[in-house]
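Read through the structure below, which is laid out as structure tokens, and then see the notes.
As the structure is a prediction and not an experimental result, all values here were calculated from the model. The chains referred to below are lettered A, B, ... by the order of the sequence lines, with proteins before strands, and numbering in each begins at 1.
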Amino acid sequence: MSSIVEAKKTEVKEAIEKALQAAQEAGQLSFQTLPAFVVEQPREKVFGDFAANVAMLLSKEAKMPPRRIAEIIVAHLPKEGPLFEKVEIAGPGFINFYLGKSWLEEVLPVVLREGDDYGKSDFGQGEKIQIEFVSANPTGLLHMGNARGAALGDTLSNVLQGAGYDVTKEFYINDAGNQIENFGRSLEARYFQLLGHDVPFPGEGYHGQDVIETVQKIIAEVGDKYLTVDEDLRREFLIQKALEEKLTNIKNDLARFGVEYDVWFSEQSLHDSGAIARTIQELQERELVYEKEGALWLKTTAFGDEKDEVLVRSNGIPTYFAADIAYHCNKFERGFSKVINIWGADHHGHVARMKGAMQALGYDPDALHVILMQLVRLFRQGEIVRMSKRSGQYITLSELIDEVGKDAARFFFVMRGADSHLDFDLDLAKAESSENPVYYVQYAHARVCSILKASVDEVPSYEQVDFSLLKEEAELDLIRKIADLPDEIVQAAVSYEPHHLTRYAHELASLFHSFYNSCRVLVDDVELRKARLALIEATRITLRNVLRLLGVSAPERM
RNA sequence: GUGCCCGUAGCUCAGCUGGAUAGAGUGUUUGACUACGAAUCAAAAGGCCGCAGGUUCGAAUCCUGCCGGGCACGCCA
């Protein structure tokens with residue numbers, strides 16, 4: 001539960017702060033406030049283990065060129081401390097710190113000791129975060145957009161948990177409102193049609209084949225006895241049965257995808273409990289609601305929206321927007337300090353409105369964070385796979401898992417940032433070759449396992465290993481990357497960008513493959529062999545932990 | 001028309017709150033298996049970071065204006 005990299009950065013930073021103070025007291029440097037400088041790992045290894053940009057930031061206030069300031073700071077740093085092997089000034093005024101390799105010897109024991117927990121931290125301090133994703137209409141099957149949302153949301157949840165947050169994953173079931181009425185009419189029409197009655201199908205209805213299948217199942221169970229009952233009763237029954245079946249399907253598909261929710265939240269329950277009515281009343285009390293043409297409107301223009309939005313239609317039914325406001329209030333009432341939503345980019349117009357509504361009701365709009373994800377395009381043999389939801393012609397999550405497998409699907413969806421359009425190459429995802437990044441990472445894991453199996457002796461416990469024997473460039477690079485995991489997870493968590501993790505996984509695998517090709521593990525030298533076994537065991541642990549966060553399996557054989 | 005997102009190597013994309021010579025993968029070219037898995041590795045080539053201004057010690061990153069692509073502008077969700 002500790003990050004060595006973070007600890008070292010802090011040590012460097014404190015040393016610089018002391019040097020700054022000393023320089024100021026000596027009258028060599030004058031400034032009012034300490035600038036918010038950073039200590040970071042430079043892009044290039046030649047620039048040392050850590051670098052500070054403090055001199056550049058101070059240049060203006062201290063009225064001195066950055067390199068001159070850097071010289072003064074360096075002069076006040078501890079000369080021969082255990083911390084710095086070498087300190088250099090480079091480029092426009094960076095101070096580069098070379099720590100030598102002794103600090104790297106601290107890394108592997110931590111990994112071996114923490115095992116499955118390596119990479120976790122208490123950064124989030126148990127802060128309560130709620131995350132809502134997929135929330136697909138229970139009137140159909142899950143499509144590619146839902147699949148991307150599922151992979152993104154679930155991975156982000158894992159990452160947040162890994163960074164020490166208390167995460168609740170939630171699926172909002174749209175089981176009320178207009179589209180359910182519409183769904184009911186579609187079900188009813190199919191019910192009549194399948195029982196030999198020639199009735200018209202509603203133009204705006206749900207045309208998909210899956211709806212027909214759902215009704216077939218219902219008929220198999222109850223037969224034709226709902227032909228003659230009252231229309232309201234019939235529709236209510238069909239809706240209830242169909243929603244049950246659809247929801248079970250959705251749950252099963254998501255479970256196959258490795259996604260389990262903590263809460264399934266029903267929209268209908270907000271109607272039933274009066275939560276929506278209460279929310280509308282509260283908005284009314286704040287004089288943000290007015291009546292026009294028989295409908296109730298919310299003054300969203302007061303929060304910069306282009307036009308006001310309807311809360312309650314002239315037919316008396318609250319809109320989705322009204323229900324969603326009530327739902328979000330409910331989230332905050334449950335004590336979450338942060339609420340994350342993952343929406344398709346086509347809902348972006350909804351973001352400002354929802355934040356505005358939260359502000360109107362006295363909540364902090366910034367506590368609501370919406371991740372918008374761009375659309376997914378499927379490619380097969382270089383051609384776009386055309387899909388149309390209206391006609392029911394689209395590839396479902398279930399079919400995707402059948403075709404490319406859970407591992408590839410999840411990895412591919414998380415590989416790109418949410419706001420970039422995702423081109424999903426089905427052939428690449430299926431390819432069992434090096435072009436496929438999933439296999440590349442998994443292969444690294446399988447390779448480690450294979451060596452461990454071939455080894456006659458067990459992985460030594462970390463107390464029995466002399467880690468100073470690891471001094472090849474490839475070994476040190478690999479250790480450095482392993483040491484990064486806790487920070488990578490925190491980075492991905494605070495930025496809500498899980499795609500950093502697929503990148504990290506690939507880099508780690510790459511450094512391992514390099515190491516494998518330049519160093520032999522099972523050498524005759526007993527002590528070196530032990531050290532290298534410990535290194536690859538730590539690599540295995542790190543790879544497996546990352547893959548677990550991604551929801552991708554870590555096979556021992558491929 | 002208005003608003004939001006995107007524009008980086010042939011292709012698909014990274015690039016963290018502004019930092020050093022803009023990075024991966026893939027594709028192309030060339031090498032490496034009598035050694036723990038060649039589903040691997042090493043090396044080369046490949047860029048006006050859409051265009052033009054501005055902010056400053058410093059811009060792919062921030063601001064403005066254009067150009068090009070996507071999306072949204074319902075008493076749908």
Worksheet entry | Check: A/N96 and A/V87 side chains under 4.5 Å, non-hydrogen atoms | no
Fill in: Spacing between A/K45 atom NZ and B/U21 atom C1', to the nearest angstrom
16 Å
Worksheet item: For atom NZ of A/K453, is the number of surrounding heavy atoms from other residues, nucleotides or ligands below 6.0 Å larger than 12?
Response: yes
Worksheet, complete the sentence: Of B/C13, B/G23, B/U17, the nucleotide closest to the side chain of A/V38 is B/U17
Worksheet item: Within this structure, what is the OH-to-P distance between A/Y98 and B/A20, rounded to whole angstrom?
Response: 15 Å
Worksheet item: If you measure from the P atom in B/U8 to the same atom in B/C62, how many Å do you get, rounded?
Response: 16 Å
Discussion item. Under 4.0 Å, heavy atoms only, any strand: does A/A51 hit a base, just the sugar-phosphate, or nothing?
Written reply: base
Worksheet item: How far does the P atom of B/C57 sit from the matching atom of B/U12, given to the nearest Å?
Response: 39 Å
Practice prompt. Sort out for me which residue in A/H347, A/H328, A/E170, A/H369 forms a side-chain hydrogen bond (donor to acceptor under 3.5 Å, both in side chains) with A/N341.
Written response: A/H328
Discussion item. What I'd like to find out is whether the side chain of A/R377 reaches to under 4.5 Å of the side chain of A/L422, using heavy atoms alone.
Written reply: no
Item to complete: May I have the distance from A/H500 (atom NE2) to B/G25 (atom P), rounded to whole angstrom?
Response: 19 Å
Worksheet item: Is it the case that A/D457 and A/S455 place a side-chain donor and acceptor less than 3.5 Å from each other?
Response: yes
Fill in: Complement of B/U2, any strand, by Watson-Crick or G-U distances under 3.5 angstrom
B/A72
Worksheet entry | Pairwise P distance, B/A20 and B/G15 [rounded to whole Å] | 15 Å
Worksheet item: Are the ring of A/F94 and the six-membered base ring of B/G19 within the stacking cut-offs of under 5.5 Å and under 30°?
Response: no
Worksheet item: What distance, rounded to whole Å, do you find between the two C1' atoms, one in B/U30 and one in B/A14?
Response: 27 Å
Practice prompt. Figure out the CZ/C1' separation between A/R503 and B/C13, and round it to whole Å.
Written response: 7 Å
Worksheet entry | Span that lies between the C1' atom of B/A44 and that of B/U55, in whole angstrom | 40 Å
Worksheet item: Can the ring centres of A/F183 and A/Y206 be said to be less than 6.0 Å apart?
Response: yes
Worksheet item: What form does the base of B/C62 take, syn (within 90° of 0) or anti?
Response: anti
Worksheet entry | Under 3.5 Å on both distances, the Watson-Crick or G-U partner of B/C66 | B/G50
Worksheet, complete the sentence: Its contact letters, B for base, S for sugar-phosphate only and - for none at protein heavy atoms under 4.0 Å, make nucleotides 69-77 of chain B read -SBS-SBSB
Practice prompt. Kindly indicate whether the side chain of A/C519, heavy atoms from C-beta on, has any atom under 4.5 Å from the side chain of A/E475.
Written response: yes
Item to complete: Send over the distance from A/F424 CZ to B/C13 P, rounded to a whole Å.
Response: 13 Å
Practice prompt. Go ahead and name the base partner of B/U12; Watson-Crick or wobble counts if both distances stay under 3.5 Å, otherwise write none.
Written response: B/A24
Discussion item. Measuring to OP1 and OP2 of B/A20, would you say a side-chain N or O of A/R43 lies under 4.0 angstrom away?
Written reply: yes
Fill in: Whole-Å gap separating P (B/G58) and NZ (A/K60)
10 Å
Worksheet, complete the sentence: Partner of B/A39 under the Watson-Crick or G-U wobble criteria, both distances under 3.5 Å, comes out as none
Worksheet item: Is the closest side-chain donor-acceptor distance between A/E497 and A/H500 under 3.5 Å?
Response: yes
Discussion item. Could you tell me how far apart A/F411 (CZ) and B/U26 (P) are, to the nearest whole angstrom?
Written reply: 12 Å
Worksheet item: When rounded to the nearest Å, what value does the distance between P atoms of B/U26 and B/U21 take?
Response: 28 Å
Worksheet entry | Integer-rounded Å distance: B/C4 P and A/D305 CG | 12 Å
Fill in: Heavy-atom check, side chain of A/L58 versus side chain of A/L20, under 4.5 Å
yes
Worksheet item: Quantified in whole Å, what is the P atom distance between nucleotide B/G19 and nucleotide B/C66?
Response: 28 Å
Practice prompt. Kindly confirm or rule out a cation-pi arrangement of A/R447 over A/Y516, judged by NZ or CZ under 6.0 Å from the six-membered ring centre and within 45° of its axis?
Written response: yes
Practice prompt. Under 4.0 Å between any heavy atoms, over every strand shown, what does A/L57 touch: base, sugar-phosphate, or nothing? Just pick one.
Written response: base
Discussion item. Regarding A/P92, tell me which of base, sugar-phosphate or nothing describes its non-hydrogen contacts under 4.0 Å with the strands shown.
Written reply: base
Discussion item. Tell me if the aromatic rings of A/F321 and A/H350 count as close, with their centers under 6.0 Å from one another.
Written reply: yes
Worksheet item: Can A/K331 be said to sit on top of A/Y327's aromatic six-ring, NZ or CZ under 6.0 Å from centre and within 45° of the ring axis?
Response: yes
Worksheet item: Are any side-chain N or O atoms of A/N53 and backbone N or O atoms of A/F37, one a donor and one an acceptor, separated by less than 3.5 Å?
Response: no
Worksheet item: Quantified in whole Å, what is the C1' atom distance between nucleotide B/G68 and nucleotide B/G27?
Response: 26 Å
Discussion item. Counting only side-chain nitrogens and oxygens, does A/T502 get under 4.0 Å of the OP1 or OP2 atom of B/A14?
Written reply: no
Worksheet entry | Selection: residues 524-534 of chain A, any non-hydrogen atom under 4.0 Å of RNA chain B | none
Discussion item. Check for me whether A/K9 meets the cation-pi criterion with A/F50, that is, NZ or CZ under 6.0 Å from the six-membered ring centre and within 45 degrees of the ring axis.
Written reply: no
Fill in: Of A/M415 and A/N96, the one whose closest RNA chain B nucleotide lies more 5'
A/M415
Practice prompt. Determine the contact category for A/D487: base if any of its heavy atoms lies under 4.0 Å from a base atom, sugar-phosphate if only primed atoms, P, OP1 or OP2 are that close, otherwise nothing.
Written response: nothing
Item to complete: Using a 4.0 Å heavy-atom cut-off, write out nucleotides 28-41 of chain B from 5' to 3' as B (base contacted by protein), S (sugar-phosphate only) or - (no contact).
Response: -------SBBSBBS
